[in-house]
Structure formats: C-alpha cells, structure tokens
A.B. asks: 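Take a look at this one; I'll ask things after.
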There are 2 protein chains.
Amino acid sequence: MPPASDLTAHTGYWLRMVSNAVSQDFARKVADEGVTVAEWSFMRALYDADAMAPSALAEKMGMTKGAISKLADRLLGKGLITRADNPGDKRAHTLSLTGAGRSKVPILAALADKNDAEYFGILPTEEREMLHRLLRTLADRRGLKTIPVD
Amino acid sequence: MPPASDLTAHTGYWLRMVSNAVSQDFARKVADEGVTVAEWSFMRALYDADAMAPSALAEKMGMTKGAISKLADRLLGKGLITRADNPGDKRAHTLSLTGAGRSKVPILAALADKNDAEYFGILPTEEREMLHRLLRTLADRRGLKTIPVD
DNA sequence: TCCATTATGTTGACTAGGAAACTACCAGCG
DNA sequence: CGCTGGTAGTTTCCTAGTCAACATAATGGA
C-alpha cells in the first residue's frame, strides 16, 4: 500500500488536538455561566471598545456579518448587550455591553485564566513561556489577528 | 472598570489562533480534492485499519455515532468507502475504503505534509522540534488521544 | 439633481455536528 | 423458550455557522 505519512508526524495534528481539548474545556466552563465561546469573544471585544459596529466585530472576530447579526440577536435576547442607532447613518448602528453584560466579563475572564492555568500550568515555567513565544511567533509571521472563536 | 485580564496573555488564545489558521488552510487544500477535514480523518483511520465498525470510528475520532452515521453516508455517496454486513451480528456492519478512496489517501496525506511545512517550516529546526515536543507533552499529560477533526 | 455604485445589516437556504429518542438486534437468565 | 436489559446504528430536532440574495441607505460622478 502506498505510503501515507504518519499523521502523528505532523505538528499540526498535535496542535489541533491540544487546541481542541483546551477549547472544549473552556466552552464547558463558560456554558456554566450561560454563554458560548463566541458570545464571550463578542463581549470581550466590546469590553475594551465600549461601542462597536457589527461590521467591526465581524472583522475582529473573523466571522461573517450574517453570523454577527444572529449572535447579536442572541446577546440582545439575554440582555447582555444593547443596540444604538447611529446618528448620521440610518443603515448602521452600534452595539455595547449592558451593565449585566459588563459585569459578566471579569467573571468569564477569570474562567479563561483558570483554564489556561489548568492546561499549561503542568509545564515548567520556562517551557510554558517558550510555547507561548513560539505560538506568538507563528501568529506574527502569518499576520494572524482575528480573535479565535470556534 | 473591573479588570478583565488581557486576552492575549493566555497561551490558549494564541494556540487557538494558530490552530485555526493551520486548520482552515488545510481545509481549503483538501476541499480542492473534494473532501472535508472530517472525511479525510475518517479515510485516514480506515487506511490503517482496513475495516472498522462505525462505533470504533466514533471513538477514534471523538465524534458521536450520529455524526459518524451521516459522515459515512456522505463518503458512501462519493464512492470513497463501502459498507459490509457483519456476519454474526445483524445490527452491525463495517466500513472500508474503496479503491478510489484508498488511492486518495496518499494524495491527501501529501497535502497534510505540505500544510505542516508551510506553517511550521518558518521556524528554525530546533524551535520546531521544541514546539512539537511541548504539544506532545501536553497531549500526553492530559491523556488526549482522539484524532482532532474540526 | 439623479442615477449607478457601494456599504450596512438582515434574512433564508444550506451544512455539519450534538443530544436524545428510536429501531433492530443480541445475550443471558429465569 | 421468552423476557429483560444492553448494544449498534439511524433518525429527528436543535444549534451555530457560511454563503448569497436582499432591502435600505449613503456616496459620488455625469
């Protein structure tokens, strides 16, 4: 049978395996707080920006505007964000966190801290920093900048 | 405003960002060959095993049996796998690659090689090996073993 | 000024997967 | 035998995305 290189020879294989595990665990944690990972990313982006256009969020999160539209609907439904008309452009509007939404962000951020500690805390400090640095290098070299959501 | 730790302080953030980029690029590559990443994983698993029960594939790929059932339907539709009754247990059956499916695996494997080289080849050999080693360590310590699919 | 082009956001059709109900079957025990 | 409980796969319903068509509004050139 023709050779098919061993999957486990690929760094991408292990990258994905670890990444999926970290993510799925984080998803479980934030689900206990009643939000999804996409919702968390959305709220985290608004936390710094105060008010953003859906299109800006789509850009930042690497999602389509359709997805953002639906995601915003869900967060509106949960009372975590509000929508404000954009005076001067009747097509546009901006989204901001409500008080409830804003106060939820630090709680979720703490879960992110905890998740990171759980997964990477098992490495010695030096190795942990090395991993972090290598990943940042790869992201830099590829010009990656969208907040990872899925 | 209460502190919400900088997202970019999380190793998990960069891990996901890089992992998503690597994966999405790979997805694009295999799409040119007419298959999805899940289909590739499925076929790659069968390539070594020759014939497997859907339940075994579900276990190996970390997917539900429902998802495997549908995935198998799609691959059957594309003529890449075949289904064989399991003599001795009328509930069960096994799945195997067809000739067409089997000959596609090395092509897809080459794409995986290429993708890995594209992403990690920019690192010096030593760093690349370090990254690989660190990821394997993390996977080991967590007891991860399912083939990453998404 | 008016019309063509472009931009913003929403919607509908579609896809892929998970959860759980369901079907069909097996196995062991009375 | 014939239940009863468990097992293998399938199906249904749901969620959360994409993509493309759409409605509406802004813009800019003839």
Side-chain angles (χ1 to χ4, degrees), chain A residues 16 20-21 23-28 30-31 34-43 51-78 80-96 146-150, chain B residues 16 20 23-28 30-31 34-43 51-78 81-96 146-150:
Chain A
R16 192 105 206 116
N20 282 348
S23 261
Q24 282 163 22
D25 236 332
F26 181 56
R28 208 180 35 65
V30 296
V35 301
T36 66
V37 175
E39 287 166 4
W40 148 249
S41 293
F42 196 110
M43 293 170 69
M52 284 180 87
S55 51
L57 280 157
E59 167 73 16
K60 185 151 192 156
M61 299 175 63
M63 292 174 69
T64 62
K65 50 205 181 112
I68 293 293
S69 185
K70 293 164 191 168
L71 190 41
D73 278 351
R74 273 177 263 145
L75 286 165
L76 281 165
K78 293 183 183 177
L80 295 171
I81 63 170
T82 49
R83 200 187 297 247
D85 282 351
N86 184 339
D89 190 337
K90 284 179 192 162
R91 292 169 305 182
H93 60 251
T94 58
L95 302 166
S96 327
T146 60
I147 299 180
V149 168
D150 67 289
Chain B
R16 193 103 204 117
N20 281 348
S23 260
Q24 281 164 23
D25 237 332
F26 181 57
R28 207 181 36 65
V30 297
V35 300
T36 65
V37 175
E39 287 166 5
W40 147 249
S41 294
F42 196 110
M43 293 169 71
M52 284 181 86
S55 51
L57 280 157
E59 167 74 16
K60 186 151 192 157
M61 299 175 63
M63 292 173 70
T64 62
K65 51 209 181 108
I68 293 294
S69 182
K70 296 163 194 167
L71 190 42
D73 278 350
R74 273 176 263 146
L75 286 165
L76 281 164
K78 293 183 184 177
I81 63 169
T82 49
R83 200 187 297 246
D85 282 351
N86 184 337
D89 189 339
K90 284 179 192 163
R91 292 169 305 180
H93 60 251
T94 59
L95 301 166
S96 326
T146 60
I147 299 180
V149 168
D150 66 287

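Any value given below was found using the heavy atoms of this structure, including those in side chains, with hydrogens, waters and symmetry copies removed. We name chains A, B, ... by the order of the sequence lines, and we start the count at 1 in each one.
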A.B. asks: Identify which nucleotide among D:dG17, D:dT10, D:dA16 has an atom closest to any side-chain atom of A:A38, counting heavy atoms from C-beta outward.
C.D. replies: D:dG17

A.B. asks: Write down the distance between CD (B:E59) and P (D:dG9), rounded to a whole number of angstrom.
C.D. replies: 13 Å

A.B. asks: Let me know the distance between CG of A:L75 and P of D:dA16, rounded to the nearest Å.
C.D. replies: 11 Å

A.B. asks: Between A:A92 and A:D73, which is nearer to the 5' end of DNA chain C once each is assigned its nearest nucleotide?
C.D. replies: A:A92

A.B. asks: Give the minimum heavy-atom separation between A:L95 and A:P54, together with the two atoms involved.
C.D. replies: CD1-CG, 4.0 Å

A.B. asks: Answer whether the closest heavy-atom distance between the side chains of A:R16 and B:N20 falls below 4.5 Å.
C.D. replies: yes

A.B. asks: Provide, to the nearest angstrom, the distance between the NZ atom belonging to A:K78 and the P atom belonging to D:dT15.
C.D. replies: 11 Å

A.B. asks: Counting only side-chain nitrogens and oxygens, does B:R83 get under 4.0 Å of the OP1 or OP2 atom of D:dT10?
C.D. replies: yes

A.B. asks: Among the nucleotides D:dA26, D:dG17, D:dT10, which one has an atom lying closest to any side-chain atom of B:H93?
C.D. replies: D:dT10

A.B. asks: Would one find a side-chain N or O of B:S55 under 4.0 angstrom from OP1 or OP2 of D:dG9?
C.D. replies: yes

A.B. asks: For A:T64 and A:D89, take the nucleotide of DNA chain D holding the closest heavy atom to each; which residue's nucleotide lies nearer the 5' end?
C.D. replies: A:T64

A.B. asks: Would you be so kind as to tabulate the donor-acceptor pairs closer than 3.5 Å made by side chains of residues 57-78 of chain A, with sequence neighbours excluded?
C.D. replies:
{"unit_1": "A:T64", "atom_1": "OG1", "unit_2": "A:A67", "atom_2": "N", "d": "3.2"}
{"unit_1": "A:D73", "atom_1": "OD1", "unit_2": "A:R83", "atom_2": "NH2", "d": "3.1"}
{"unit_1": "A:K78", "atom_1": "NZ", "unit_2": "A:G34", "atom_2": "O", "d": "2.9"}
{"unit_1": "A:K78", "atom_1": "NZ", "unit_2": "A:E39", "atom_2": "OE1", "d": "2.7"}
{"unit_1": "A:K78", "atom_1": "NZ", "unit_2": "A:E39", "atom_2": "OE2", "d": "3.2"}

A.B. asks: Can you find a donor-acceptor N/O pair under 3.5 angstrom joining the side chain of A:R91 to the base of D:dT24?
C.D. replies: no

A.B. asks: Starting from the 5' end of DNA chain D, give me the residue, B:A72 or A:A67, whose nearest nucleotide shows up first.
C.D. replies: B:A72

A.B. asks: Just the rounded figure in Å: distance from P of D:dT11 to CD1 of B:I68.
C.D. replies: 15 Å

A.B. asks: Contact class for A:K90 (heavy atom, under 4.0 Å): base, sugar-phosphate, or nothing?
C.D. replies: sugar-phosphate

A.B. asks: May I have the step-by-step check of side chain to side chain contact (heavy atoms under 4.5 Å, CB included) for A:T82 and A:H93, ending in yes or no?
C.D. replies: CA-CA 10 Å; A:T82 49; A:H93 60 251; over 6 Å; no

A.B. asks: CG of A:L80 to CH2 of A:W40: how many Å apart, nearest 0.5 Å?
C.D. replies: 12.5 Å

A.B. asks: Test your reading of the model: is there a side-chain donor-acceptor pair from A:D89 to the backbone of A:R91, 3.5 Å cut-off?
C.D. replies: yes

A.B. asks: What are the bounds, 5' to 3', of the part of DNA chain C that sits under 4.0 Å from heavy atoms of chain B?
C.D. replies: C:dA16 to C:dC26

A.B. asks: Check the distance between D:dA21's C1' and A:K65's NZ and give it to me in whole angstrom.
C.D. replies: 10 Å

A.B. asks: For the base of D:dT15, is there a side-chain donor-acceptor partner from A:K70 under 3.5 Å away?
C.D. replies: no

A.B. asks: Give the intermediate values and the outcome of side chain to side chain contact (heavy atoms under 4.5 Å, CB included) for residues B:V30 and B:T36.
C.D. replies: CA-CA 6 Å; B:V30 297; B:T36 65; 5.9 Å; no

